[in-house]
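Owing to the predicted nature of the structure, the values given are computational and were not obtained by experimental measurement. One is the number of the first residue; the rest follow in order along the sequence. In each ligand, atom 1 is the first atom listed, and ligand 1 is the first ligand listed.
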Amino acid sequence: ENQEKLDEFQNRIEAGEKIEPKDWMPDRYRQQLIRMMSQHAHSEIVGMLPEGNWIQRAPSLKRKLVLLAKVQDEAGHGLYLYSATETLGISRDELVDQYLYGSAKYSSIFNYPTMTYADICAIGWLVDGAAIVNQTMLARSSYGPYSRANIRICKEESFHKKQGYEMLAKMADGTPEQQEMAQDAVNRWWWPSLMMFGPHDSDSPNSAELIKWQVKLKTNDELRQHFVDRMVMEAEAIGVTLPDPNLEYNEETGHWDFGEIPWNEFWNVVKGNGIMNRERMKARRKAHEEGEWVREAAAEYARKKKLRQEK
Ligand code: ACO
């Protein structure tokens, strides 16, 4: 690709212009976006499973309605992220194929089991909380369709996080059993939520390129630190303890230092060996295969409708 075009592209990025689907872009930029945006879309879709597990068992009608709405929102996020990815010249069929039968990744966080209802509270607070920190930045990403998708996603994520935090606060202020459940859920979800931000910057092969192109505006470690600082305050406000004895305020940096993330566990989950990896993939494949007739029926209906209109 000629240097002049590359320079012009870089200048546009640095001037804060959005790159739109029909604009010229380096092939590598396109490939990186397809990788990252489709991974994000797959994550939203698989992310419905751990929470969907509790819709039938939500403790009240109100909680059931809220959870149902939240899980539906995740489906919506997945769908518009797939559409945004399609603007890069790849079809949804191909993307889904890479995900269900190929090697496309999705977020490690969705490979953990939801054992009690308190997990639903902790997920809202921690997992959606981490997603907001990550995606508020991505809402400023250089690729127009991705940036706009994230603006909308963040609005909904912020409701998800608030409902989780509110429920957790209630539990943490409840009976001793409820308090214990809330603390147990926080203990189990804390470290996996820190892993959502990806490997340390020194082990993140994609960061430099993505930051140069302003697809990512902050590094994995910068966003993780921002998240930790916020969560320390929020945990204290509702009386839950974060399970890290090394959490300590650092006067010099103005941030909270924290302990070593269990990276072996992270890579193990990324490689497909987490507690729920196999089951999640099995459930997604089954849903996709059993939904074949729905896709066929919809396509057939669209074909007939078009024929009628042409008459
Ligand atoms: N889970 C699974 N895989 C991960 C994770 C994770 N938490 N973090 C990093 N990886 C993978 C990367 O995909 C990459 O693999 P690949 O090159 O084979 O694709 C590898 O580990 C190395 O990581 P990085 O070089 O740091 O990758 P990148 O610069 O893309 O940063 C990150 C990873 C932070 C996840 C980024 O892609 C991102 O912000 N994505 C969009 C947000 C997203 O996907 N969120 C999903 C969960 S939030 C939700 O849906 C509620």
[atom]: the protein heavy-atom neighbour that sits closest, reported with distance to 0.1 Å:
{"atom": "atom 27 (O) of ligand 1", "answer": "Asn206 ND2, 3.3 Å"}
{"atom": "atom 11 (C) of ligand 1", "answer": "Lys105 CD, 3.9 Å"}
{"atom": "atom 39 (O) of ligand 1", "answer": "Asn134 ND2, 3.0 Å"}
{"atom": "atom 13 (O) of ligand 1", "answer": "Gln39 OE1, 2.7 Å"}
{"atom": "atom 10 (N) of ligand 1", "answer": "Phe266 CZ, 4.3 Å"}
{"atom": "atom 8 (N) of ligand 1", "answer": "Gly198 CA, 3.2 Å"}
{"atom": "atom 1 (N) of ligand 1", "answer": "Ser108 N, 2.8 Å"}
{"atom": "atom 26 (O) of ligand 1", "answer": "Ser204 OG, 2.6 Å"}

Atoms in ligand 1 with a heavy atom of [X] nearer than 4.0 Å:
{"X": "Phe197", "answer": "34 (C)"}
{"X": "Tyr146", "answer": "41 (C)"}
{"X": "Tyr106", "answer": "1 (N), 2 (C)"}

Might you confirm whether atom [atom1] of [X] has over 12 heavy atoms from other residues, nucleotides or ligands at distances under 6.0 Å?
{"X": "Gln10", "atom1": "CD", "answer": "yes"}
{"X": "Glu8", "atom1": "CD", "answer": "no"}
{"X": "Glu300", "atom1": "CD", "answer": "yes"}
{"X": "Glu236", "atom1": "CD", "answer": "no"}
{"X": "Glu14", "atom1": "CD", "answer": "yes"}
{"X": "Asn250", "atom1": "CG", "answer": "yes"}

Check each of [options] against [atom] and report the one with the nearest heavy atom.
{"atom": "atom 29 (O) of ligand 1", "options": "Arg35, Lys216, His42, Lys271", "value": "Lys216"}
{"atom": "atom 23 (O) of ligand 1", "options": "Ala208, Ser107, Pro199", "value": "Pro199"}
{"atom": "atom 44 (O) of ligand 1", "options": "Met36, Gln135, His40", "value": "His40"}

| request: Evaluate the ring planes of Phe227 and Trp190, with Trp represented by its six-membered ring, and classify them as parallel (under 30°), tilted (30 to 60°) or perpendicular (over 60°). | output: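 Aromatic pair Phe227/Trp190 classed parallel.
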
| said: Below 30° counts as parallel, above 60° as perpendicular, anything between as tilted: where do the rings of Tyr82 and His42 land? | reply: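 Answer is tilted, since the angle falls between 30° and 60°.
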
| Hey, is atom 6 (C) of ligand 1 touched by any protein heavy atom at less than 4.0 Å? |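 Under the 4.0 Å cut-off, atom 6 (C) of ligand 1 does have protein heavy-atom neighbours.
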
| message | Would a single hydrophobic cluster contain both Leu100 and Tyr106, if residues Ile, Leu, Val, Met, Phe, Trp and Tyr are joined by side-chain heavy-atom contacts under 4.5 Å? | response |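 Per the 4.5 Å side-chain linkage, Tyr106 and Leu100 are co-clustered.
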
| Pairwise ring pair (Phe, Tyr, Trp, His ring centres under 6.0 Å) hits with a residue in residues 260-293, at least two apart |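 As it turns out, the ring pair (Phe, Tyr, Trp, His ring centres under 6.0 Å) pairs with a partner in residues 260-293, which skip direct neighbours, are His200-Trp263, Trp263-Phe266.
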
At the 4.0 Å heavy-atom cut-off, does [X] count as touching ligand 1?
{"X": "Ile109", "value": "no"}
{"X": "Gly47", "value": "no"}
{"X": "Met37", "value": "no"}

| Going by an N to O cut-off under 4.0 Å, is there a salt bridge joining Glu279 and Lys282? |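 No salt bridge links Glu279 with Lys282.
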
| said: Counting only heavy atoms closer than 4.0 Å, does ligand 1 sit against the backbone of Val269, its side chain, both, or neither? | reply: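 Under 4.0 Å from ligand 1, Val269 contributes no heavy atoms.
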
